Structures are given as structure tokens and as C-alpha cells.
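Here is the structure we will look at.
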Amino acid sequence: MDRSVLPMRPLRPAEIAELLADDLVAHLATIDASGYPHVTPIWFLWDRGAFRLTSFAERPHLHRIRANPRVGLVIDREAGLRPDGERPNRQIRVIGDARLAEDPNGMWTSRIREKYIDDRIAPGAAQRDLGRARMLITIIPDRLLALAGR
């Protein structure tokens, strides 16, 4: 097969690191009791080979994870419209099992918020609502696919 005509190419390690460090919203896919997927936009932090996400304890996606820990996660960024009419993107696709744990004192919540909220613009916002019960979602990828449009 002529690789020059493939619409996607593997991301370079620096591109993967950039996507994981950027303040992009991830899309978490969970499965309901009927087998249908539900996708939830959610902030994340890449930490020592695992995705860390937090959520208020009563959220429906946590109930779905308790019932079926198999999840998918997608992080992507479009490069914008090219003259040829294409909108290439860079993406990371992950599947794995999610583990749930309490986030005592909001440690993980605070770290994730610091990634997304500039304290110079919104002072104290990263620490807001830390008294409300939150759960930590940890996903260690079984498979990670990192691709870019050509």
C-alpha cells in the first residue's frame, strides 16, 4: 500500500506530549446498562502513564463506570481549514478500564484545575468547590493510538 495516500500518520512523541499537556477537553465514553455509549466532555491530567480525571460524586458517568469500567477517551485538536477544504486534526484515542477512588481534600481536582484555569485571570477558581465530594477516575491505557491528519 502506498503510505503517501493514507489520510493519517502516527504522531511524533513531541506532538503526543503537547496534546497531553494542553488544556484541551477530553471526551470520556462510558457504556450504559443497555450497551449504548455516552460521551462526557471532561478535563484531564496525564500523570505517570495514567489519565486522571475528577467528577462530582453523583454524576451519571460514575454510575456507568461502576457498572462497567471499560471506557474510551479521545483528545483532539483541529488544525483549521486548509485551502484544499480539509480540516486535519491531531488525536489521541485510548481504551482501558477506569478505576474510581475518592479525591480526598480535592488534591487531584486542584491539580487538574490548575492545568485549565489561569490563576492570574480567575484568582482562586482552581480551589473553588473543593469541599464538595469528588471522585478520582484513573485510566491506564490498554491501547493508545495517536494520529494526525495529513
Side-chain angles (χ1 to χ4, degrees), residues 1-56 59-101 103 106-123 125-129 134-150:
M1 175 181 277
D2 181 2
R3 295 190 60 75
S4 66
V5 297
L6 291 177
M8 305 295 280
R9 66 165 175 82
L11 288 180
R12 295 181 295 275
E15 291 175 304
I16 294 170
E18 180 185 339
L19 278 177
L20 293 174
D22 205 352
D23 62 353
L24 299 167
V25 173
H27 302 276
L28 173 67
T30 55
I31 305 297
D32 72 11
S34 298
Y36 288 100
H38 289 261
V39 179
T40 304
I42 191 166
W43 290 352
F44 74 96
L45 183 67
W46 175 250
D47 176 72
R48 293 174 291 193
F51 289 92
R52 313 289 180 167
L53 314 91
T54 63
S55 188
F56 290 118
R59 295 288 195 223
H61 54 273
L62 297 178
H63 298 294
R64 291 189 293 270
I65 290 170
R66 283 185 191 97
N68 182 349
R70 288 194 238 169
V71 298
L73 193 68
V74 173
I75 301 148
D76 74 309
R77 176 190 299 131
E78 281 193 347
L81 185 64
R82 293 189 320 210
D84 64 3
E86 294 294 322
R87 297 178 65 113
N89 72 353
R90 290 184 289 160
Q91 57 185 265
I92 296 172
R93 301 180 204 168
V94 173
I95 59 169
D97 289 340
R99 293 188 326 248
L100 298 177
D103 184 22
M107 182 197 80
W108 284 105
T109 299
S110 181
R111 286 186 62 193
I112 292 167
R113 286 180 175 182
E114 287 169 6
K115 175 183 173 184
Y116 289 87
I117 301 171
D118 187 335
D119 200 48
R120 295 169 298 171
I121 296 169
Q127 305 304 316
R128 194 176 309 130
D129 289 331
R134 294 188 70 92
M135 298 295 293
L136 170 65
I137 305 165
T138 300
I139 304 166
I140 298 173
D142 286 336
R143 282 194 306 222
L144 187 147
L145 184 61
L147 302 169
R150 291 190 186 261

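Not measured: the values here are computed from a predicted model.
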Close side-chain approach of Ile137 and Leu62, heavy atoms under 4.5 Å: yes
Listed partners of Ala50 passing side chain to side chain contact (heavy atoms under 4.5 Å, CB included), at least two apart: Arg52, Thr138, Ile140
Value rounded to 0.5 Å, distance of CZ in Phe56 from NE2 in His61: 10.5 Å
Listed pairs under 3.5 Å, donor-acceptor, residues 32-40 side chains, sequence neighbours left out:
{"from": "Asp32", "atom 1": "OD1", "to": "Ser34", "atom 2": "N", "distance (Å)": "2.9"}
{"from": "Asp32", "atom 1": "OD1", "to": "Gly35", "atom 2": "N", "distance (Å)": "2.9"}
{"from": "Asp32", "atom 1": "OD1", "to": "Tyr36", "atom 2": "N", "distance (Å)": "2.8"}
{"from": "Asp32", "atom 1": "OD2", "to": "His38", "atom 2": "NE2", "distance (Å)": "3.1"}

Exercise: identify the closest heavy-atom pair between Ile42 and Val25: N-CG1, 3.5 Å
Interatomic distance, Leu45 atom CG to Leu136 atom CG [nearest 0.5 angstrom]: 10.0 Å
Minimum side-chain heavy-atom gap Ile75-Phe51 below 4.5 Å: yes
Interatomic distance, Arg12 atom CZ to Glu18 atom CD [nearest 0.5 angstrom]: 10.0 Å
Any Arg93 side-chain heavy atom under 4.5 Å of Leu147 side chain: yes
Aromatic plane relationship, Trp43 with Tyr116 - under 30° parallel, 30 to 60° tilted, over 60° perpendicular: parallel
Side chains of Leu100 and Arg66 in contact at under 4.5 Å (non-hydrogen atoms): yes
Atom pair CD1 (Ile65) and CG (Asp97), whose distance is rounded to the nearest 0.5 Å: 10.5 Å
For the student: nearest non-hydrogen atoms of Thr109 and Arg134, plus distance: OG1-NE, 3.0 Å
Pairwise side-chain contact, His27 with Asp76, heavy-atom cut-off 4.5 Å (strictly under): yes
Non-hydrogen side-chain atoms of Asp47 and Arg111 separated by less than 4.5 Å: yes
Side chains of Gln91 and Met8 in contact at under 4.5 Å (non-hydrogen atoms): yes
Validation row: Ile92, Leu144 side chains within 4.5 angstrom (heavy atoms): yes
Option among Val74, Leu28, Leu145, Leu73 that satisfies the side-chain contact (heavy atoms from CB on, under 4.5 Å) test with Val94: Leu73
Nearest-0.5 Å distance that lies between atom CZ in Arg9 and atom CZ in Arg90: 8.0 Å
Nearest non-hydrogen partners of Gly49 and Pro141, listed with the distance: O-CD, 3.5 Å
Between CG on residue Leu24 and CZ on residue Phe44, distance to nearest 0.5 Å: 6.5 Å
Distance-only polar pair, side chains of Thr54 and Asp103, donor-acceptor under 3.5 Å: no
Closest non-hydrogen atom pair between Glu78 and Asn89, with its separation: CA-CB, 3.8 Å
